[in-house]
Number of protein chains: 2
Amino acid sequence: MEETMTAAKNRIKTFKTIQSEVESTNRVALSVDCVIFGFDENKLKVLLIRSDLKQYQGQWSLLGDLVEPNEGLDEAAYRILKQRTGLNDLFLEQVHTFGEVERHPASRVVTVAYCSLINIQHHKLKILDNELHWHDIDSVSEMAFDHKEIFDTSYSQLQKRVREHPLGFSLLPNKFSLRELQNLYEAILNIKLDRRNFRKKFFAMDFLIDMDEVETDVPHRPGRLYRFDYAKYEKSTKKWNGIAF
Amino acid sequence: MEETMTAAKNRIKTFKTIQSEVESTNRVALSVDCVIFGFDENKLKVLLIRSDLKQYQGQWSLLGDLVEPNEGLDEAAYRILKQRTGLNDLFLEQVHTFGEVERHPASRVVTVAYCSLINIQHHKLKILDNELHWHDIDSVSEMAFDHKEIFDTSYSQLQKRVREHPLGFSLLPNKFSLRELQNLYEAILNIKLDRRNFRKKFFAMDFLIDMDEVETDVPHRPGRLYRFDYAKYEKSTKKWNGIAF
DNA sequence: AATTTAAAGTGTAAAAATTACACAATAATT
DNA sequence: AATTATTGTGTAATTTTTACACTTTAAATT
């Protein structure tokens with residue numbers, strides 16, 4: 001190389017330079033935390049595990065784990081979810097990354113939060129670990145680490161997302177009544193909805209397939225059962241304005 | 001401790017255990033990349049810097065840096081932004097975290113993307129480093145690392161955010177005409193808008209303060225100048241339905 | 001078998017928001 | 001004085017949202 005490099009040329013770093021720069025930088029531990037929402041008994045739930053850190057004994061925490069060396073972030077989230085719930089065929093979305101210096105008592109751990117919606121009916125048998133528990137959304141208070149903040153952020157995001165896309169279906173059994181669907185939306189958004197307008201809106205969306213079946217074991221007129229037409233929804237190109245309530 | 005611990009008790013880890021677990025885990029380098037949007041000459045711009053990595057010579061990259069050991073993520077983003085543009089009094093939002101294993105050629109570097117909107121008129125003098133350049137949004141193609149993907153994600157998020165909140169104002173000079181405001185929205189959203197309906201909508205929002213001044217140096221009827229009432233916007237509690245166009 | 005109970009299912013009218021659309025007013029330039 | 005380019009303005013049609021009440025149905029009870 002020339003002696004008379006310009007400033008512009010001076011700033012160029014070779015691979016080795018960059019490598020040693022990156023290698024010598026302070027590195028952080030990286031984890032993923034999953035906020036797993038479910039729906040049961042007309043209540044929105046979140047799946048929590050008892051903290052395994054003595055310092056937080058008795059407190060609840062999100063399902064998290066350190067990211068493996070050769071694992072992408074999404075990959076890690078899917079792995080953790082699979083390990084804990086048994087399934088991987090579900091909606092999973094990155095929410096936010098939390099990196100306050102002191103957020104973990106032992107060391108600097110930056111965590112990437114993921115949010116997931118699962119159908120409790122389909123997954124309930126997989127929860128063998130009795131340190132796991134479905135909590136009612138409104139009973140979540142103190143949590144280990146900064147997990148309450150992560151939960152709050154994820155719940156807000158869920159509320160927002162559910163108004164933009166018909167995601168709620170993934171929380172329901174394959175066949176559901178419109179009442180169940182409405183209960184779900186009311187639970188997520190924490191508002192009351194008008195039954196007729198709600199039905200009108202979802203029928204107009206045209207993603208519901210009438211199963212020609214009705215509920216059983218209800219002590220009153222049973223509702224018709226529907227399933228969500230995921231294929232049609234995925235293919236629909238018409239601009240999606242979200243679901244106003 | 002007792003010999004006959006239950007399984008539940010067995011899983012509890014002391015601080016020291018956790019600490020050594022976290023310390024011994026594979027750690028990653030952590031960086032922040034800022035996608036800085038500006039607006040000038042009726043074009044939406046993004047501020048890029050020539051890559052300082054020889055491998056990517058000639059290619060453009062986002063403004064990024066490694067996160068310092070005692071620095072939070074937001075803090076790091078503000079620092080980088082301040083270092084590069086001189087200002088810190090601006091909107092800054094985390095967008096997404098990118099952690100593919102091979103995204104950085106030298107080592108595992110996980111990066112947290114932040115998005116920011118700045119007023120080019122106010123900041124243009126701060127850009128002393130001639131490796132920095134404002135690029136037209138539609139001329140951004142190949143970039144170093146996975147920065148094109150980060151840019152795309154951030155731009156999509158900007159388009160979405162700008163429909164939800166009147167953020168666009170932060171890209172404009174303090175005083176602006178409605179034509180400038182409309183040009184901005186058209187540039188961000190990449191659509192044409194009806195002038196009368198656009199004006200109607202923004203006047204109805206009631207966050208514009210008429211400055212009782214008009215444009216100068218235009219070879220036609222000058223437009224009135226307005227400024228955005230940030231205080232009123234912040235205070236407004238009325239639910240914000242977003243800006244439909 | 002008749003009655004009760006509880007929720008399902010259904011339509012319409014008013015209000016609000018969105019869209020489409022055209023001409024007169026103004027300042028600078030020629 | 002005429003030309004040019006853009007500002008500024010209103011209304012009607014359409015679509016979307018909201019508010020609201022009665023009949024139907026199946027199971028459970030009497």
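Looking at heavy-atom distances under 4.0 Å, A:R224 makes contact with sugar-phosphate atoms alone, never a base. Within the nucleic acid shown, A:D217 has no heavy atom closer than 4.0 Å to any nucleic acid atom. Within the nucleic acid shown, B:R199 comes within 4.0 Å of at least one base atom, counting heavy atoms only. Heavy atoms of B:R195 sit under 4.0 angstrom from at least one base atom. Among the heavy atoms of the strands lying under 4.0 Å from B:K201 are primed sugar atoms or P, OP1, OP2 only; no base atom is included. Residue contacts shown for B:V218 are limited to sugar-phosphate atoms, with no base heavy atom under 4.0 Å away.
Atom CG in B:N197 sits about 15 Å away from atom P in D:dT15, given to the nearest Å. The nearest whole Å value for the distance from the OH atom in A:Y226 to the P atom in C:dA8 is 11 Å. In this structure, A:N183 places its CG atom 11 Å from C1' of C:dA7, rounding to the nearest Å. The interatomic distance linking A:F202 (CZ) with D:dT17 (C1') rounds to 15 Å, in whole Å. Distance, B:H220 NE2 to D:dA5 P: 10 Å, rounded to whole Å. In this structure, B:R179 atom CZ and C:dT26 atom C1' are separated by 16 Å, rounded to whole Å. Rounding to whole angstrom units, CG of residue A:L225 and P of C:dA8 are separated by 11 Å. Here C:dA7 presents its C1' atom at 13 Å from CD of A:E180, a figure rounded to the nearest Å.
Side-chain rings of A:F91 and A:F169 stay apart, their centers remaining 6.0 Å or farther from each other. Here the two rings, on A:F203 and A:Y226, have centers that are under 6.0 Å apart.
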Practice problem: Might you work through the side chain to side chain donor-acceptor pair (under 3.5 Å) test for A:Q159 and A:Y155, ending with a clear yes or no? | Solution: CA-CA 6 Å; A:Q159 292 188 318; A:Y155 181 36; 3.2 Å; yes

Self-check item: CA sep, side-chain torsions, deciding dist, call: B:T97, A:T97, side chain to side chain donor-acceptor pair (under 3.5 Å)
Solution: CA-CA 7 Å; B:T97 296; A:T97 297; 2.5 Å; yes

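Position along DNA chain C of the nearest nucleotide to A:E215 versus A:K200 favours A:E215 as the more 5'-ward residue. Residues B:S177 and A:D194 both approach DNA chain D. Their nearest nucleotides, taken by heavy-atom distance, put B:S177 toward the 5′ side. Residues A:R196 and A:P219 each lie close to DNA chain C; by heavy-atom proximity, the contact nearer the 5' end of the strand is made by A:P219.
Under 4.0 Å is where a charged nitrogen must lie from a carboxylate oxygen, and between B:D40 and B:K45 no such pair does.
Taking 4.0 angstrom as the limit, A:R221 places none of its side-chain polar atoms (N or O) nearer than this to OP1 or OP2 of D:dA27.
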